[in-house]
Each structure stands twice: as structure tokens, then as C-alpha cells.
Amino acid sequence: MSESNKNSGKLIVSPSELSEDQFNQIADFIQTNVGIKMPEQKRVMVQSRLQARLKALEMTDFNDYINYVFAGGPQSEEEIALMINVLTTNLTNFFREKQHFDYMVQNAIPELIAAGHTNLELWSAGCSSGEEPYTLSVVMQEYLRNNPGKLSDYSILATDISSRVLEKAMNAVYPMESVADISLDLKKKYFLKSKDKEAALVRIKPELRNKVSFQRLNFMDSSYPVPNTKHIIFCRNVLIYFDKPTQEAVIRKLVSHLVPGGYLFLGHSETIFGMDLPLKTVAPTSFKKI
Ligand SMILES: C[S@@+](CC[C@H](N)C(=O)[O-])C[C@H]1O[C@@H](n2cnc3c(N)ncnc32)[C@H](O)[C@@H]1O
């Protein structure tokens, strides 16, 4: 569908279509290096998302793009990261699947405290643009306020493969509508309104932000540069994009970073059914390390 037309004297050329063979090269690369399954049905989505990269590079042919992205060297590495940025799905929101945060407050944190853990280390693995780790930070701050003397402190590690979402997360600025369902009390305590009323933005307050550190991490790596001292890991709505053996391998690695008695929370449609892991189910999609 290569087409060109004249617009205000400037030649505009639309990027071409992604052929089956070209799609397979990209799909194989993504499945092997990122873990995300890429069946043929995703061809149109991949084509439209990558067309933006071709435009940015002023290319019109996917063959040129494939040669560029897989050429090797620093330029190619940079483009691989940008390609991953556009091919990952980053949908998230504050207090998503709220039952996990309720379980944390009512069960997981009291049990960890009872077992002698008072400085809690949390990990939001696949954190996207930061709504999940900042929700965890709100929950922990509230726990500290409501239970004085029970916890000494907490910290949250937040990781993702996409540099684009990590940048957004570190910026911690969100549209006002993304906090519409959060209570006024929590909004007042933990969110700053933009001074520019027209902008309709909020920013996470520094006392919450300071507890969260961000790191780029690919679940496909053979090991993760993360201490084995985590008490709570959230890895939600990530594994759903991987095949079963990859899911099991990733969960096994994540669990190795939990202390005994630590907790793992998965997304609502993710399961460990049929996997041989040192975990027991304590609530739907909520697990405790044995
Ligand atoms: C749909 S979001 C989920 C965000 C959040 N956990 C939630 O449940 O709202 C999935 C995230 O997983 C990340 N992701 C996908 N493949 C990954 C990989 N191989 N390693 C690390 N993160 C990955 C994506 O970049 C994306 O930000």
C-alpha cells in the first residue's frame, strides 16, 4: 500500500505494509528476547505500531527497517529498545485489582510483621508507567500512619523493559482523570495539583516518590540483578503475554527473590496451575512462598 502524495509542496510517503516474512522476523525476535507471544493475528498491530518508527527514521520500506534494526552495533541496540517500547502493551491504572491491596493490608503485612519483618521491601515487576508502584507507596504510607510503631520503613523497586514507560513513571505526572476514583482524602494526602489549572495534571508527592526506585529489567534475562530479600512482589498483567514455559521460568526467578513467607501477586487472569513452584495459594491470584 505504498502511496505518495503532494502536500504543501512536500513529498509525503507512507510506510509500506509488513509482509508475512518480515513480520515473522520481528515476531521471532520479540518472542525470544522479550517473551511476548506474537501470533500472525498481531501482524496488523505490529505493522501500525512500527510504521511510527519508520516515519521517525524517514524510511518507507520495512526491509530497510529490518536491516537497520538487526544490523548490530549501538544504533541497532537503540532502535531495538525503541521497537520494544512500541510493541509492549502498557495499560495500567491506580488501585487496579484493588483486592490485592486489601489483602496486603489485612493479611500479608500483619503476617510479615509477626514473622519479624518490619522494614518491608516491595517489587513492582512490570510496573509500566508507575501507577502500580505509586499505589503500593500510598498503601504503605497509609499502613504506617494507621499502625504507628509496627513498621520501621519500606522501599519499592519498580522495573520494566520499556524505557518509555519508565521515563513516565519517574516523572510521576498523571492526568487528573486517572485519579478520579481515588478518595478525596488520599488525593489530598498524596497528590499535588498542577498550578496551571488548565493543564489538569497531578503529581505524586515527594514523600511517596522517594520510596520508589526504578530500574530497566527484562524478564527474559537469565538472572535478575535484584536482592533476594523482597517481601512482596507484584507481577501483574505481564505473564499473560508469555507462553506457559516462559511464565513458569519467570515466576521461578521472581520467587527466588522473595524471603520465605513472602508474597507474590499475579494479574486476575494469570495462574500457576500445573506449575511446580514453592508457592501456596492464599487468595485468588495471591501466593505465599513456602
Ligand atoms: C499491561 S502492563 C501491566 C502494568 C501493571 N503491572 C498493571 O498490572 O497494571 C505490562 C508491562 O509489562 C512490561 N513487560 C513486557 N514484557 C516484559 C519483559 N520481558 N520484561 C519486563 N517487563 C516486560 C511492559 O513493558 C508493560 O509495561
Side-chain angles (χ1 to χ4, degrees), residues 26-39 42 45-46 49-50 77 80-104 122-139 156-172 174-175 178-179 181-182 204 212-226 230 232-254 257 263-271 284-287:
I26 291 168
D28 286 351
F29 179 85
I30 292 291
Q31 179 136 9
T32 309
N33 294 282
V34 184
I36 299 175
K37 287 177 285 177
M38 284 278 165
K42 287 200 178 176
M45 179 276 280
V46 169
R49 292 193 185 179
L50 284 183
E77 291 214 348
I80 286 172
L82 294 169
M83 177 170 79
I84 291 171
N85 285 352
V86 296
L87 293 183
T88 48
T89 301
N90 312 111
L91 184 81
T92 187
N93 46 259
F94 290 103
F95 286 95
R96 182 179 194 181
E97 296 172 40
K98 186 175 169 294
Q99 75 280 3
H100 288 149
F101 303 103
D102 294 341
Y103 186 87
M104 240 179 86
L122 288 74
W123 181 7
S124 167
C127 65
S128 190
S129 37
E131 288 85 336
E132 182 177 273
Y134 291 131
T135 301
L136 287 169
S137 204
V138 168
V139 169
I156 300 167
L157 170 67
T159 63
D160 202 284
I161 194 174
S162 163
S163 53
R164 184 179 57 83
V165 290
L166 285 173
E167 212 172 291
K168 261 177 99 177
M170 282 186 263
N171 205 19
Y174 300 94
S178 70
V179 296
D181 293 338
I182 299 179
I204 310 290
V212 187
S213 57
F214 292 95
Q215 191 176 311
R216 187 162 183 253
L217 184 147
N218 183 352
F219 289 132
M220 291 306 107
D221 290 348
S222 55
S223 64
Y224 307 150
V226 169
K230 300 292 159 203
I232 295 175
I233 298 178
F234 273 59
C235 182
R236 307 185 307 164
N237 308 301
V238 180
L239 298 173
I240 193 174
Y241 301 106
F242 301 171
D243 65 23
K244 204 85 186 161
T246 309
Q247 292 180 0
E248 184 167 355
V250 171
I251 299 177
R252 188 177 304 285
K253 281 182 268 179
L254 288 172
H257 293 272
Y263 291 85
L264 171 72
F265 296 93
L266 300 180
H268 66 284
S269 53
E270 292 158 340
T271 162
T285 57
S286 310
F287 311 91

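Please read these numbers as outputs of a predicted model, since none were measured by experiment. Read the numbers this way: they start at 1 and go in the same order the structure lists the ligands and their atoms. The chain is numbered in sequence order, starting from 1.
We find the CD1-OH distance between Ile204 and Tyr174 to be 5.5 Å, quoted to the nearest 0.5 Å.
Looking at Ser128, its side chain does come within 3.5 Å of a backbone N or O of Asn90 through a donor-acceptor pair. Checked by atom type and distance alone, the side chain of Glu132 never pairs as donor or acceptor with a backbone atom of Ser124 at under 3.5 Å.
Contact residues for ligand 1 (protein heavy atom closer than 4.0 angstrom to any ligand atom): Val34, Thr88, Thr89, Asn90, Leu91, Thr92, Arg96, Gly126, Ser128, Glu132, Asp160, Ile161, Ser162, Leu217, Asn218, Phe219, Arg236, Asn237, Val238, Phe242.
Between Phe101 and Phe234, the ring center distance clears the sub-6.0 Å criterion.
Counting heavy-atom neighbours within 6.0 Å of Lys98 NZ, excluding the residue itself, gives a total of 12 or less.
Electrostatic pairing of Lys244 and Glu248 does not count as a salt bridge here, judged by no charged N lying under 4.0 Å from a carboxylate O.
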